[in-house]
Amino acid sequence: MSEHLTIVDHPLVQHKLTLMRDQGTSTAVFRQLLREISTLLAYEVTRGLAMTTRTIDTPIMEMEAPVLDGRKLALVSILRAGNGLLDGMLDLIPSARVGFVGLYRDEETLRPVQYYCKLPNELDERLVIAVDPMLATGNSSAAAIDLIKEKGAKNIRFLCLLAAPEGVARMKEAHPDVPIVTAALDEKLNEKGYIIPGLGDAGDRMFGTK
Ligand code: URA
């Protein structure tokens with residue numbers, strides 16, 4: 001992947017995203033749409049994976065057929081909202097390894113603090129796709145990528161549903177080597193750090209909390 005930011009403008013993705021943004025969409029439908037859209041985004045974020053060939057026998061003849069090369073890729077969910085993207089991605093990449101990173105914001109220093117980290121082994125040999133639906137300020141995403149790099153990952157992509165220009169700029173400054181794939185680049189952040197027009201709090205909408 002050479003572009004730093006890829007916006008997936010496929011009509012199905014854009015239609016589903018509009019339904020998700022609508023505040024009248026129920027938790028159940030929001031969750032179902034998130035599963036569907038994450039499968040479509042998984043298709044885009046895995047573009048250009050390394051390939052090799054394997055000799056197989058079709059019913060007609062032997063052939064050298066293309067297969068994915070290298071170790072199973074790793075999906076890393078940035079808790080908690082990242083979990084909403086996992087199921088749809090695993091539908092498409094069922095043998096992916098899965099890790100979790102949890103961060104909270106220290107109210108005094110305002111810096112992200114790690115409270116949980118469990119990652120697959122041999123990260124240096126895998127493509128790692130970090131997932132979080134909302135790239136807002138970019139501070140927690142950049143900190144999560146710091147952590148994933150500290151654990152050895154060298155080939156990382158970042159997948160989100162919505163991005164704010166502020167978050168994209170922060171990620172580009174901190175991790176210019178990490179391409180971002182998103183369904184939309186929204187206008188900006190409001191004073192509370194929400195993406196506008198956005199879809200509200202992604203975690204609350206997918207889990208039905210407030
Ligand atoms: N996180 C969310 O869930 N929504 C936003 O708009 C920004 C960050």
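We count ligands from 1, going down the list as the structure has it; atoms in each ligand are counted the same way.
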Exercise. Looking at atom 1 (N) of ligand 1, what's its closest protein heavy atom, distance included?
Worked result: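 In this structure, atom 1 (N) of ligand 1 has Met134 CB, 3.7 Å as its nearest protein heavy atom.
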
For this session: Specify the protein heavy atom at minimum distance from atom 3 (O) of ligand 1: its residue, its atom name, and the distance to 0.1 Å.
Result: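 Going by distance alone, atom 3 (O) of ligand 1 is nearest to Ala202 N, 2.8 Å.
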
Exercise. So, does Gly193 sit close enough to ligand 1 that a heavy atom of it is under 4.0 Å from the ligand?
Worked result: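 Gly193 counts as a contact of ligand 1 under the 4.0 Å cut-off.
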
Exercise. Are any of the heavy atoms in Pro133 under 4.0 Å away from ligand 1?
Worked result: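 Pro133 does not count as a contact of ligand 1 under the 4.0 Å cut-off.
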
Exercise. Taking atom CD of Glu64 as the centre, does the number of heavy atoms from other residues, nucleotides or ligands within less than 6.0 Å exceed 12?
Worked result: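 Yes, CD of Glu64 has more than 12 neighbouring heavy atoms, counting only those of other groups under 6.0 Å.
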
For this session: Give a yes or no on whether Lys149 atom NZ has more than 12 heavy-atom contacts from other residues, nucleotides or ligands under 6.0 Å away.
Result: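 Yes.
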
For this session: Check whether the side chains of Thr209 and Arg80 place a donor and an acceptor atom closer than 3.5 Å, and report yes or no.
Result: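 The answer is yes; a qualifying pair exists.
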
Could you tell me, atom by atom, which parts of ligand 1 come under 4.0 Å of a heavy atom of [X]?
X      : value
Gly200 : 2 (C), 3 (O), 4 (N), 5 (C), 6 (O)
Ile195 : 5 (C), 6 (O), 7 (C)
Ala136 : 7 (C), 8 (C)

Problem set entry | Salt-bridge present (Arg54, Asp69; N to O < 4.0 Å) |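 Salt bridge absent between Arg54 and Asp69.
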
Exercise. Between Ser77 and Leu85, is any pair of side-chain heavy atoms under 4.5 Å apart?
Worked result: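 No. Closest side-chain heavy atoms not under 4.5 Å.
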
Exercise. If two hydrophobic side chains count as joined below 4.5 Å and joins carry through other members, does Leu33 share a cluster with Val45?
Worked result: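 Linked, Leu33 and Val45 end up in one cluster.
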
